[in-house]
Structure formats: C-alpha cells, structure tokens
Amino acid sequence: MAVVYTCFCTDIIHEGHLNIINEAGKYGEVVVGVMDDKASIKFNRFPSISFEERVRMVEAIPGVSRVITQHTIMYDDVIHELKPDYVIHGDNWVEGPEKAIRENVIALLGEYGGKLIEVAYTRNEDVKRADTQMREKLAMPEYRRPRLRQLIKICDIVKTIEVHSGLTGLIAEKTVVEHDGELDQFDAMWISSLCDSTAKGKPDIELVDMTSRYRTIDDVTEVTTKPIIFDGDTGGLAEHFVYTVRTLEKMGVSAVIIEDKIGLKKNSLFGTEVEQTQDDVEHFCEKIKAGKKVQLTDDFMIIARIESLILNQGMEDALTRARAYVAAGADGIMIHSRRKEPDEILEFCDRFRQEDSETPIVVVPSSFNTITEAELASHGVNIVIYANQLTRSAFPAMERTAKDILKYHRAYEADERLMPIKQIITLIDEL
Ligand code: SPV
Ligand code: MG
C-alpha cells in the first residue's frame, strides 16, 4: 500500500486537518508527523499543550494509521527515512516564508519520484475561530508567564528582542524569516528601560514611573503572545520592589531583571563616563530575597544583573557577586559589558559555568555585536537580548523622512521608502 505523509503543527484539530486526512486516505496509508516543541516554536507558535498530548490527539483521528515525530521544520530526515509515495499539504504554503518548506519537499520527493498533493486550504469561520482561540489562550497570563522557563529548557538560546509599544510588539510577535533553508522567529520580548524611556522622550534614569511602564506592558500584551522579560532597572527600594514583583507576575510577565546599582541610575552603556554607584553585595541580596519571598508562582524569575565589568570592578568581583546573588535566590544572572570584543563576557560565562551548570545566563550584545547566538550558546548563555536595535533603526528612518519633507516641501521624495498605506492599515489584525 502506498504511504501518504503529512505533518501537523497544531494544538487543535479542525475541519481543515480532517479534510487533509480524508484526502490522504484516498491515496494510501496515512502517516502523520507531529512537529516537536523545538521545531514548532521556530515554525509557528509556542504549543499550548504538551507534545505527548498532541500525539494522542492526532492518533485519535479516524483514518490516521501511524504517528511519527518530525524534529525539524524541513522534511529531510522524515522523507529520507519514510520515503513516502505522497506528501499532502494545504495550498497555504505556496506564498510567504513557508514557501521554502514547500520547495524543500518538492526537491526531496524529486529524488525518488515521490509526489506532492496540495489541497485547497479550508478557510471558514470555525477554522478561523479555532486559530484565534489557540492564540488568545497563549496570551493569557497563566500561559505566558511560565513560557520563559519552558523556552530555556527547549531552546539552545532564547532570542529576545526589545519592544516598547503595541507596534514593536507586533514585529516581535509576527516576524518570521526564511534564511538558508530554515525558518526562524524571536522567542521572547524585552521591555527595555532605555527604549521605553526614549519612546517617551525621557532619559533612562528611572524617571518614567512604574505605572507608565506597566502601561507599556499592557500595550504589548494586548497584541502579542510571547513571553516578556521586564527591565526593572535597580528595582528601587526593596520595599517598593516587592510590589513590582507582584504586579508583574499578575500581568503575566515571565521575568524581571534588576541591576546591582544604587542612587541615580544611568544607562550602562555610559560606563564610567558618568557617575554610577554599584550596590554592595549584601544590600542587593536583600532585595533579591525580598522579591523571591513575595512571589506567588514558581514561574516568575528574578534575574540579577551584574555591573562589575561595566564599572571596571574586575572579573573576580563579577564572579563573587554571581555566587552571592544565586545563593540569595536569583533565578538567573545577567552579565553586561560595553567592550567591542566579547572576551570578558565569554571568560565570565566559562568560569561561571565551571562552578554552576544550571543557573541561566543572560547577555545583551549591544557593543560586542559580532558574536553569534551559536557561539554564545556554546559558552553556556541561555538568553540573548537584542536590547535597543528596533528603536535605533526606527529613529533615523523617521528623522530622514521629516527632513526630506522639510527640504522638498512635499512628501513625494520620501514616499518611495515608506510602507504603502494599504499595507499599514492591514498590519493590525481585526477581530
Ligand atoms: C536597556 O535596554 O534598558 C538595558 C540594557 O538596560 S543596556 O541599555 O545595554 O544597559
Ligand atoms: Mg535598562
């Protein structure tokens, strides 16, 4: 009997999937691949049910003969092993980033004369509702909050991008690229104090108050599902920080990062060019402990950020602090540097990992930006944060447009660089 293969990356079975199985059954024995968590995250979205539950769900569909695991977005391994006579898929992959997967399948089938069957994608109200429900579920605080810990376990490195508004949230949520035959997207979002303040035209000195920062979180959570890491600056007074922890936890934020500085905080990228004071170890540990004590869930993470390298206090000081902060209950360590070369960051990671193989490490490669994610991961880094690049790309583009309009006394010259009106009004999903 001929073998017909299809791959599902879904948490809900709807009419569209049943239609594919039904069509597939006309050609032979139906084998369904369930995409594993790691591949699902890159391809589509975070699964809201476990891999085992997804397998059971697919096994229960009448007409499915066998369920296997697909570990990658591209079909190479599955097709080489299974050699299906047919692969069946909806025609929704003809356009967009998924086109690369289609091309991959066609090339693989071509190696031995296998055939591709494409069925019209089922677009109706029920399918749309199922898709929306799946997405909305992921946006709920109880689903969003634990996701960072889950991602740390699943991903080689959690790729995090700065957001400071609904619009930048949408970019973090929806941008998918096809590159070198692979699909990829960001895993998490960083609500940067620098960019949140800059968007409001204010300096990054803990001037924008928490109520206003919470508004930014609200704007982002309204339109996204991905987990949030909040830049908590110094955390303020321990007596205030406990309230911040509670609020963030309730909002569905996954982690807060607080830095070991005290007094008037300035942005770390100023380094020692401005006066900045590092907190003493005991005092900062008390703040970490206070935060951990009031936390209500096991999901939320308090990550301690070490400023020793920024403030020229040396590697030993950074490592001593890391040990103390972990002992005080920190769920992760962020180590920062403003050197162009990643050498001191890598030395810290290597030495920290020799004594602690578990505690997640976070880095922000704004200055040492030549290092790749794979290199960072090989030194034990778990989370990489691209902390300000969206803001830094938007500002010059907006400024250039403003200048051109002033220069030419009309918008025509700027227009060819701008997103068409039609595209910008369809950028936002309607309910
Ligand atoms: C931020 O993005 O606000 C940060 C990271 O704190 S950095 O600007 O590199 O200090
Ligand atoms: Mg900051």
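Indexing begins at 1, ligand by ligand and atom by atom, following the structure's order. The structure displayed is predicted, hence computed values, not measured ones.
Near Ser268, with a cut-off below 4.0 Å to any heavy atom, the atoms of ligand 1 are 10 (O). Close approach to Trp190 involves these atoms of ligand 1, each under 4.0 Å from a residue heavy atom: 1 (C), 2 (O), 4 (C). Of all atoms in ligand 1, listed by their number and element, those nearer than 4.0 Å to a heavy atom of Ala387 are 2 (O).
Considering only heavy atoms from C-beta on, Phe348 comes within 4.5 Å of Ile333 through its side chain. For the pair Arg149 and Pro360, the minimum side-chain heavy-atom distance is 4.5 Å or more.
With respect to the Mg ion (ligand 2), Asp231 has OD2 as its nearest N, O or S atom.
For Asp231, every heavy-atom contact with ligand 1 shorter than 4.0 Å involves the side chain, none the backbone. Under 4.0 angstrom from ligand 1, the non-hydrogen atoms of Arg305 all belong to its side chain. The proximity of His336 to ligand 1, defined as any non-hydrogen pair under 4.0 Å, is limited to the side chain.
Between Arg338 and Glu273 a salt bridge is recorded (basic side-chain N to carboxylate O distance below 4.0 Å). Salt-bridge formation is not detected for the pair Arg147/Asp187: no Lys NZ or Arg NE/NH1/NH2 atom is positioned less than 4.0 Å from an Asp or Glu carboxylate oxygen. Looking at Lys407 and Glu413, no side-chain N of the basic residue comes within less than 4.0 Å of a carboxylate O on the acidic one, giving no salt bridge.
Summarising the geometry of Ser193 relative to Asp204, their closest heavy-atom pair is OG-OD1, 2.8 Å, with the distance given to 0.1 Å.
For the pair Asn267 and ligand 1, a heavy-atom separation below 4.0 Å is found.
The shortest N or O to N or O distance between Ser192 and ligand 1 is below 3.5 Å. In terms of polar-atom proximity, defined here as any N/O pair under 3.5 Å, Leu269 makes no such contact with ligand 1.
Taking 2.8 Å as the criterion, Ser268 does not count as a coordinating residue of the Mg ion (ligand 2), since none of its N, O or S atoms falls below it.
In this structure, Glu249 contributes its side chain and Thr297 its backbone to a donor-acceptor pair below 3.5 Å.
A donor and an acceptor atom, one from each side chain of Asn388 and Glu162, are nowhere located under 3.5 Å apart.
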